[in-house]
Amino acid sequence: MNKPFSAMDMARENVQLLTPYMSARRLGGNGDVWLNANEYPQAPDFAFTDRNLNRYPECQPADVINRYAAYAGVNPDQVIAGRGADESIELLIRAFCEPGQDAVMYCPPTYGMYSVSAETFGIPQKIVPTLDGWQLDLDSIAANLHGVKLLYVCHPNNPTGNPVREQDLRYLFEIVNNRALIVIDEAYIEFCPQFSVASWLKEYPNLVILRTLSKAFALAGLRCGFTLSSPEIINVLMKVIAPYPLSSPVAAIAAQALLPEGIEVMRERVAENCRNRQMLCDELSKLPLTETIFPSETNYILVRFRESERVFRSLWNDGIILRDQRRQRGLDDCLRITIGTRAECLRVIAAIATLKMP
Ligand SMILES: *Cc1c(COP(=O)(O)O)cnc(C)c1O
């Protein structure tokens with residue numbers, strides 16, 4: 001009797017055990033107000049006129065790299081482009097971590113892909129929860145650095161919205177002392193550019209910065225992100241990146257988005273988003289079901305509600321889809337709300353205001 005074929009039994013053991021990342025798209029929902037993925041609420045307009053789709057694209061399209069380097073204030077040899085910041089997270093693991101041996105470290109509550117990428121490749125994880133105000137536990141980080149190759153720090157942090165204190169980031173480089181790469185995930189840095197550590201690349205050879213066009217540039221569907229680092233680290237990443245990480249349409253649209261006009265429009269979007277965030281916070285703070293609104297420097301806010309289940313479910317049934325964070329460490333009763341258009345923010349406020357306290 002032949003044994004029936006089982007793909008799952010054939011998969012690598014750590015893949016069998018893996019819980020995939022539950023992206024907002026996979027979680028689904030049936031709404032008309034989508035505030036669960038930190039996307040920009042309106043679609044930008046781009047023209048794609050390339051007639052040479054029979055040809056392979058450049059691996060690292062020069063205009064995309066040069067324009068991003070100019071925007072970020074670094075040299076083109078300090079930039080590598082790929083399929084979103086998520087690809088950068090994985091690329092670093094593939095390039096630098098020996099499976100079963102080198103560890104990655106991260107500090108929850110934080111972005112979920114550091115853990116998922118490590119698990120996929122069988123990389124041990126050292127998890128050092130943050131302290132009050134979601135700041136780094138530097139003593140515990142120092143005590144657990146043995147074997148750590150990559151230390152991921154989300155700055156500002158998703159889903160809590162706070163930047164990491166500058167003196168703590170400085171101290172981190174001291175305690176790590178070039179024994180590991182420090183990866184600062186700046187996915188939301190356009191919403192608080194004063195906190196960027198891009199200028200530190202001159203000082204620290206082990207600094208890696210992750211960037212994306214998915215958030216402030218309003219291009220989550222494009223799948224384009226960047227890694228900034230020393231030319232030496234970029235060269236290592238170039239050895240393992242896919243031969244054609246950006247398709248020609250992606251490269252053409254990214255190049256347009258990074259023209260001076262594109263960057264100007266992005267800055268206007270950020271200013272509008274911050275005004276909406278302020279309005280949403282002011283109005284939510286007047287509602288009795290709101291317990292705590294955590295200060296945010298990003299395009300989302302984390303809110304602790306009284307009766308969070310009722311808030312989440314009622315809005316879901318109204319077609320307003322938020323991101324449930326209640327299973328994350330330290331985030332009981334917390335929901336994450338992406339800042340939408342002004343009208344969408346008003347819908348959120350009205351929907352929560354109609355829920356009566358019991
Ligand atoms: C959205 C996000 C990413 C992924 O960005 P993509 O470029 O869309 O892959 C990475 N890190 C954080 C913290 C994010 O919130």
Side-chain angles (χ1 to χ4, degrees), residues 20-27 34-41 43-44 64 68 71-72 79-94 104-118 120 130 134 136 150-164 169 182-192 195-197 208-228 237 241-242 245-247 250-251 253-254 257-258 266 270 273 294 296-302 322-323 325 328 331 336-339:
Y21 181 71
M22 287 314 279
S23 67
R25 278 293 162 282
R26 279 197 190 182
L27 286 166
W34 291 95
L35 303 179
N36 63 346
N38 298 343
E39 296 150 335
Y40 188 72
V64 175
Y68 200 85
Y71 160 68
V79 181
I80 185 169
R83 225 174 42 239
D86 283 346
E87 182 173 33
S88 308
I89 292 168
E90 189 189 289
L91 204 56
L92 286 157
I93 289 179
R94 286 203 278 131
V104 304
M105 182 183 273
Y106 56 90
C107 305
T110 192
Y111 186 54
M113 282 305 292
Y114 314 133
S115 152
V116 170
S117 289
T120 306
T130 49
W134 293 297
L136 300 177
L150 296 171
L151 169 48
Y152 289 102
V153 179
C154 193
H155 168 72
N157 189 39
N158 180 2
T160 56
N162 61 289
V164 180
L169 289 175
I182 299 180
V183 185
I184 308 290
D185 185 341
E186 292 192 342
Y188 299 96
I189 206 68
E190 282 80 11
F191 297 95
C192 51
F195 294 114
S196 175
V197 295
V208 179
I209 298 172
L210 309 184
R211 295 284 189 85
T212 179
L213 298 187
S214 296
K215 309 290 162 55
F217 282 92
L219 289 169
L222 192 66
R223 309 307 304 130
C224 183
F226 299 88
T227 308
L228 313 178
L237 297 177
I241 198 165
L246 303 186
S247 72
V250 168
I253 292 169
L258 294 168
M266 178 276 288
V270 165
N273 203 268
F294 296 98
S296 170
E297 296 282 350
T298 64
N299 67 339
Y300 53 87
I301 54 172
L302 186 73
L322 311 183
R323 188 61 169 253
Q325 295 289 345
Q328 277 230 57
L331 300 189
R336 193 190 68 192
I337 310 175
T338 301
I339 309 304

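Order of appearance sets the numbers: ligands from 1, and atoms from 1 within every ligand.
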K215 and ligand 1 - part of the residue with a heavy-atom distance under 4.0 Å
side chain
Identify the residue among N38, N157, T298 that makes a side chain to side chain donor-acceptor pair (under 3.5 Å) with Y188.
N38
Protein heavy-atom partner closest to atom 9 (O) of ligand 1 - residue, atom, separation in Å:
R223 NH2, 2.8 Å
Donor-acceptor pair, side chain of T130 and main chain of P108, under 3.5 angstrom
yes
Below 4.0 Å from any atom of ligand 1, is there a heavy atom belonging to C154?
yes
Residue, atom and distance of the protein heavy atom nearest atom 15 (O) of ligand 1 read Y188 OH, 2.6 Å
Verify whether one side chain among R323 and Y300 offers a donor that lies under 3.5 Å from an acceptor in the other.
no
When you measure from the heavy atoms of D185 to every atom of ligand 1, does any distance fall below 4.0 Å?
yes
How does A187 reach ligand 1, if at all, at less than 4.0 Å between non-hydrogen atoms: by side chain, backbone, both, or neither?
side chain
Is it the case that the side chains of R211 and S196 hold a donor-acceptor pair, with the cut-off being a distance below 3.5 Å and no angle test?
yes
Please report whether ligand 1 has a polar contact with T212, defined as an N or O pair separated by less than 3.5 Å (distance criterion only).
yes
Mode of N158 contact toward ligand 1 - side chain, backbone, both, neither (heavy atoms, under 4.0 Å):
side chain
Classify the side-chain pair D86/Y21 by whether it contains a donor and acceptor separated by less than 3.5 Å.
no
With a 4.0 Å cut-off on heavy atoms, is G225 in contact with ligand 1?
no
